[in-house]
Participant: 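Supplied in structure tokens, the structure appears directly below.
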Amino acid sequence: MKLYSYWQSSASYRVRIALNLKGLTPEMVPIDLLKSEQETASYRAINPQQLVPSLIDGEHALTQSLAIIEYLEEKYPNPSLLPLTSAERARVRAIAQGIACELAPLGNLRVRKFVG
């Protein structure tokens with residue numbers, strides 16, 4: 001298992017936290033966004049969106065932090081990252097989506113470059 005990540009990426013943080021809580025230690029592959037390493041042909045072959053994080057697990061190349069976390073939860077169910085009841089799980093997912101979709105994009109390098 002390999003995780004392509006940038007140390008300051010909030011999306012990468014989310015995945016690293018989930019991996020840590022699950023007791024999984026992938027090989028870490030740093031992608032320096034400030035040096036545009038996400039735009040290289042070799043990384044574009046892994047993630048055509050040229051974003052971090054990307055998780056390689058066997059033959060599977062996974063992108064988008066929340067999708068990666070859901071994959072980890074399904075493939076490695078113990079310990080669970082989600083509460084027991086469906087209502088509590090929906091609340092947790094709403095919070096995660098609020099952070100990922102509403103708050104985090106404002107700090108993303110791509111958005112900051114566009115606005116700047």
Side-chain angles (χ1 to χ4, degrees):
M1 183 182 294
K2 288 184 184 181
L3 179 66
Y4 294 80
S5 175
Y6 179 60
W7 71 278
Q8 284 186 309
S9 159
S10 61
S12 294
Y13 270 116
R14 284 191 284 279
V15 172
R16 290 194 307 264
I17 290 167
L19 286 161
N20 188 27
L21 289 170
K22 295 254 179 221
L24 300 170
T25 51
E27 176 186 344
M28 300 299 290
V29 182
I31 300 293
D32 192 331
L33 301 182
L34 297 178
K35 293 181 181 176
S36 300
E37 291 178 356
Q38 74 278 14
E39 297 174 6
T40 64
S42 60
Y43 188 67
R44 201 169 35 250
I46 294 165
N47 186 339
Q49 292 178 306
Q50 302 174 39
L51 302 171
V52 291
S54 295
L55 181 75
I56 306 297
D57 190 19
E59 297 178 8
H60 305 289
L62 307 161
T63 63
Q64 293 295 332
S65 63
L66 295 181
I68 293 169
I69 291 169
E70 286 185 27
Y71 168 84
L72 293 171
E73 182 69 0
E74 291 172 7
K75 185 164 182 187
Y76 306 97
N78 293 310
S80 180
L81 301 175
L82 295 170
L84 295 177
T85 71
S86 57
E88 291 170 333
R89 288 192 303 272
R91 182 173 180 272
V92 167
R93 288 182 177 118
I95 292 168
Q97 289 176 7
I99 292 168
C101 300
E102 304 295 335
L103 181 62
L106 300 176
N108 286 350
L109 180 61
R110 185 172 44 165
V111 173
R112 291 192 326 234
K113 282 183 177 180
F114 178 78
V115 172

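Below, all heavy atoms of this structure are taken into account, side chains as well, without hydrogens, waters or symmetry copies.
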Participant: Under the side chain to side chain donor-acceptor pair (under 3.5 Å) test, which residues partner Thr25, sequence neighbours left out?
Facilitator: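 None.
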Participant: Please report the closest heavy-atom contact between Tyr43 and Leu51, naming both atoms and the distance.
Facilitator: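 Between these two residues, the closest heavy atoms are OH-O, 2.5 Å.
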Participant: Just jot down the side-chain contact (heavy atoms from CB on, under 4.5 Å) partners of Leu84, sequence neighbours excluded, or say none.
Facilitator: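 For Leu84 there are no side-chain contact (heavy atoms from CB on, under 4.5 Å) partners, ignoring immediate neighbours.
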Participant: Report, one line per pair, each donor and acceptor closer than 3.5 Å where one atom sits in a side chain of residues 16-23; sequence neighbours left out.
Facilitator:
unit_1: Arg16; atom_1: NH1; unit_2: Ser5; atom_2: OG; d: 2.6
unit_1: Arg16; atom_1: NH1; unit_2: Tyr6; atom_2: O; d: 3.4
unit_1: Arg16; atom_1: NH2; unit_2: Trp7; atom_2: O; d: 3.3
unit_1: Lys22; atom_1: NZ; unit_2: Glu73; atom_2: OE1; d: 2.6
unit_1: Lys22; atom_1: NZ; unit_2: Tyr76; atom_2: O; d: 2.6
unit_1: Lys22; atom_1: NZ; unit_2: Pro79; atom_2: O; d: 2.6

Participant: For Lys2, which residues count as a side-chain contact (heavy atoms from CB on, under 4.5 Å) partner, sequence neighbours excluded?
Facilitator: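 side-chain contact (heavy atoms from CB on, under 4.5 Å) list for Lys2, sorted by chain: Tyr4, Glu27, Val29, Ile56.
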Participant: Does Arg91 have any side-chain contact (heavy atoms from CB on, under 4.5 Å) partners at least two apart in sequence or in another chain, and if so, which?
Facilitator: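 If we apply the side-chain contact (heavy atoms from CB on, under 4.5 Å) test to Arg91, skipping adjacent residues, the hits are Ile95.
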Participant: Would you say Glu37's side chain and Asp32's backbone share a donor-acceptor pair under 3.5 angstrom?
Facilitator: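 Side chain of Glu37 to backbone of Asp32: a pair is present.
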Participant: Rounded at 0.5 Å granularity, tell me how far CD1 in Ile31 sits from OG in Ser9.
Facilitator: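 The OG atom of Ser9 is 11.5 Å from CD1 of Ile31, to the nearest 0.5 Å.
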Participant: I'd like a table of donor-acceptor pairs (distance under 3.5 Å, sequence neighbours excluded) in which one partner is a side-chain atom from residues 58-70, with atom names and distances.
Facilitator:
unit_1: Gln64; atom_1: NE2; unit_2: Gln49; atom_2: OE1; d: 3.1
unit_1: Ser65; atom_1: OG; unit_2: Arg14; atom_2: NE; d: 3.1
unit_1: Ser65; atom_1: OG; unit_2: Arg14; atom_2: NH2; d: 3.3

Participant: With rounding to the nearest 0.5 angstrom, report the CG to CD1 distance, Leu55 to Ile46.
Facilitator: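 Nearest 0.5 Å value for the CG-CD1 distance: 11.0 Å.
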Participant: Tell me the closest heavy-atom pair linking Arg93 and Leu82, and the distance in Å.
Facilitator: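 What the structure gives for the nearest pair is NH2-CD1, 3.4 Å.
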Participant: For Glu39 versus Arg44, what's the shortest heavy-atom pair and its separation?
Facilitator: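 Result for this residue pair: O-NH1, 2.7 Å.
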Participant: Could you tell me which non-hydrogen atom of Asp57 sits nearest to which non-hydrogen atom of Lys75, and how far apart they are?
Facilitator: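 Of all heavy-atom pairs spanning Asp57 and Lys75, the closest is OD2-NZ, 2.9 Å.
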Participant: Identify the heavy atoms of Asn47 and Pro53 that sit nearest to each other, and give their distance.
Facilitator: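 Nearest pair, atom of Asn47 first, then Pro53: ND2-O, 4.1 Å.
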Participant: Answer yes if Tyr71 and Met28 sit in the same cluster of Ile, Leu, Val, Met, Phe, Trp and Tyr residues linked by side chain heavy atoms under 4.5 Å apart, and no otherwise.
Facilitator: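 Tyr71 clusters together with Met28.
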